[in-house]
Amino acid sequence: MAAITHPLHSLTLTFKTPNPRFTPLPKLTISATSTSNRHISGRKLTAAVIGGGPAGSSAAEALASGGIETYLFERSPSGAKPCGGAIPLCMLEEFSIPPDLIDRKVTHMKIISPSNLTVDFGKTLKPNEYISMLRREVLDSYLRSRAESKGVTLVKALVTNLDVPFQPNQPYIVNYTVNNRMKYLPVDVVVGADGANSRVAKAIGAGDYACAIAFQERIKLPDDKMEYYENLAEMYVGNDVSPDFYAWVFPKCDHVAVGTGTVSSKQYIKQYQQGVRSRVHPKIAGGKVIKVEAHPIPEHPRPVRVRGRVALVGDAAGYVTKCSGEGIYFAAKSGRMCGEAIVKASEGGHRMIDESDLKREYLKEWDSRYKMTFRFLDLLQHVFYGSNAAREALVELCGDEYVQRMTFESYLYKKLAKGNSWEDFKMVSNTIGSLIRCKLVGKQMEAFDPNVLAKVVG
Amino acid sequence: MTSSMAFLSSTPTKLPSFSPSSKTHFPINPFLSLKPQRYHFASVRAAEIGSGAAVVVEEKKDSEVKAAEEGNGAPVAAEVEEVGVKFEDPKWVSGTWDLKQFQKDGATDWDAVIDAEVKRRKWLEDNPESSNNDFPVVFDTSIIPWWAWMKRFHLPEAELLNGRAAMVGFFMAYFVDSLTGVGLVDQMGNFFCKTLLFVAVAGVLLIRKNEDIDTLKKLIDETTFYDKQWQATWQDEKKE
């Protein structure tokens, strides 16, 4: 890098040296440093995207649209990833998802507290607002074929290893198996979109993260019971169904998925599943279990998300929100942002990029846009998922219309909903009030002598 | 645990039935586990007998259980068993407490309502119930007026804390006066004294039990933990 000196761009060289006085403002660096990258002659920049889910397909699509030679590796294109399958409205627009892919439009949600206090969530939804439920295999294959139409080369293979080069100018070697034959592909840039057990992350030493396990059973219900879940999803909270997450009943194309998740008590997941089943019991009695599945969900970002010319996106990076466990939108969005960042830094595939480009164009943008969202949901999880008393308070609060409106707007449009400050103040004081009351009840419950409970109530 | 796993793997095509024996492994069911011989009958909906489900669990005998099975008109099929007994109470009417039954001297006895709700939630915590669509629960703590909460919980605690603050304050004022000769009014004019006052008030408010010191430390760690995880990727850059 130091060999290429351009008299007009001497500022860019000082950016590379660890000079503490020169912390350039983002506006200055973007236009200046990209030209210090080496121009590639005779070919375009090559990129490999490992993993063909929403993150990988979006990254590949963005890369190919920008003129970069892209290879998308997916080991089982017909696989059905165990997933909630819910996507917000903004994703339909931003990623141009055709409406016929949607299995169901959820317009009502019920949240049920440990004491069975039931709140109808969704009173404020407008007629054109809903949560779309899709099958992952349908969504993933659509996104992949769209990426292919933009010029991405799809490789149906299992990536076994990624060789990280020792010299800075050497390519990355993607080792993969296809038809029981080992092959390899040298590329300039790698995007790791291979999910929670990412091989790419291991290859670059990205570090580990805590994972929650999500366990669900798909149950086919008789028609009259299925009607109840026509466009209704349910959320159960309580220590009997999960100590630090929630349990759900999500309607799918012709069955419901009943599941739960936990971070801290993975060995008891089957008992929590039984707990959900007994809570939902009358509504699923007579149903048949058609599939049982489980999958890890990352709880927070990996310590390293970009190293060298490798970037992690989606679940591989750990972009799953706490509290709601939403990951599809953030996976697709991060994939696209990463792809666009590479296109911009390489000026359409003509220049080599490096780690600082990835960090500046992709990581910094991502963090500045979504870190607050993630942090806020983490705070909510800490406050409201900690104990049964806090969960009761959460469900009480969800009965308030203002809370419902703000929650749905923030979820569906991924933008901080515009609120009115008097209502905000009321919401905050109601929150404090509910938390205090429920905590008091909780403390009384703890002090309660179980023998007294056995005597006549009242 | 193993019995429940066996159920799930051997009967994939029908909703596995809840065996009473699998309940013994439930880590959160200490109450029912105290009475193992009652287990086999806990699965029957015997709530219709007598008043108050809690009583029934303790006192029912085999013959009563049989009567319940026959008398129970609800379609409780043999393999689809209800989990435990439902919460029943004469004052709990269609998903909420009937406040008219809590009258005392013409006004609602809110303390009794709070006690009843505590008992109900404690019962449900130990014996989780399925949510009922016919009589959804609509009682939440906001129904009880704020002054009832104040009177019962806030005022005694406030009295305690104010008492502590007053005792500490009086003796500190006396102590400082005896050492420096500065009276109470003049002490308040001094910046250092004002700081000490602030620390004393904050201490009385935040540290009410010995455990609170650890709790506060953990809280500070927890609130900054997630942020540290997000910043971790930028630590590399600082090290370079």
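All values derive from a computational prediction rather than experimental measurement. By convention in this document, chain letters (A, B, ...) are assigned in the order of the sequence lines, proteins followed by strands, and residues within each chain are numbered from 1. Just the heavy atoms: all of them, side chains too, but no hydrogens, waters or symmetry mates, feed the values below.
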Got a salt bridge between B/Arg208 and B/Glu157, using NZ or NE/NH1/NH2 to carboxylate O under 4.0 Å?
yes
What part of [X] lies closer than 4.5 angstrom to a heavy atom of chain B: side chain, backbone, both or neither?
X	result
A/Pro114	backbone
A/Ile112	side chain
A/Lys443	neither
A/Leu363	both

Could you tell me which of [options] has the largest number of non-hydrogen atom pairs under 4.5 Å with chain B?
options	value
A/Thr118, A/Ile436, A/Asp378	A/Asp378
A/Lys110, A/Lys220, A/Arg375, A/Glu299	A/Arg375
A/Val119, A/Asp367, A/Val280	A/Asp367
A/Val441, A/Val395, A/Asn116, A/Asn388	A/Asn116

May I ask you to check whether over 12 heavy atoms, not counting those of B/Lys228, lie within 6.0 Å of atom NZ?
yes
With distance as the sole criterion, is a donor-acceptor pair present between the side chains of A/Glu234 and A/Tyr236 under 3.5 Å?
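A/Tyr236 and A/Glu234 do have a side-chain donor-acceptor pair below 3.5 Å.
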Quiz question: by atom type and distance under 3.5 Å, do the side chains of A/Gln273 and A/Thr260 form a donor-acceptor pair?
no
Report the residues that fulfil salt bridge (charged side-chain N to carboxylate O under 4.0 Å, His left out) with A/Lys225, sequence neighbours left out, ordered by chain and then residue number.
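In terms of salt bridge (charged side-chain N to carboxylate O under 4.0 Å, His left out), with neighbours along the sequence ignored, A/Lys225 is linked to no residue.
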Heavy atom to heavy atom, less than 4.5 Å: which residues from residues 138-146 of chain B reach chain A?
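The stretch touches chain A at B/Val138, B/Phe139, B/Asp140, B/Thr141, B/Ser142.
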Residues forming a side chain to side chain contact (heavy atoms under 4.5 Å, CB included) with B/Ile207, sequence neighbours excluded:
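Residues passing side chain to side chain contact (heavy atoms under 4.5 Å, CB included) with B/Ile207: B/Asp212, B/Ile213, B/Leu216.
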Residue list, side chain to side chain contact (heavy atoms under 4.5 Å, CB included) with A/Val320, at least two apart or on another chain:
A/Ile297, A/Pro298, A/Asp315
Could you check whether A/Lys322 makes a cation-pi contact with A/Phe374, meaning its NZ or CZ is under 6.0 Å from the centre of the six-membered ring and within 45° of the ring axis?
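No cation-pi geometry.
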Can you tell me which residue among A/Phe376, A/Phe330, A/Tyr319 is in a ring-ring contact (aromatic ring centres under 6.0 Å, His included) with A/Tyr370?
A/Phe330
Under a 4.5 Å heavy-atom cut-off, does chain A meet the side chain of B/Glu222, its backbone, both or neither?
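Both parts, backbone and side chain.
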Return yes if some donor-acceptor pair links the side-chain N/O of A/Lys266 with the main-chain N/O of A/Cys211 below 3.5 Å, else return no.
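Pair found, side chain donor or acceptor close to backbone of A/Cys211.
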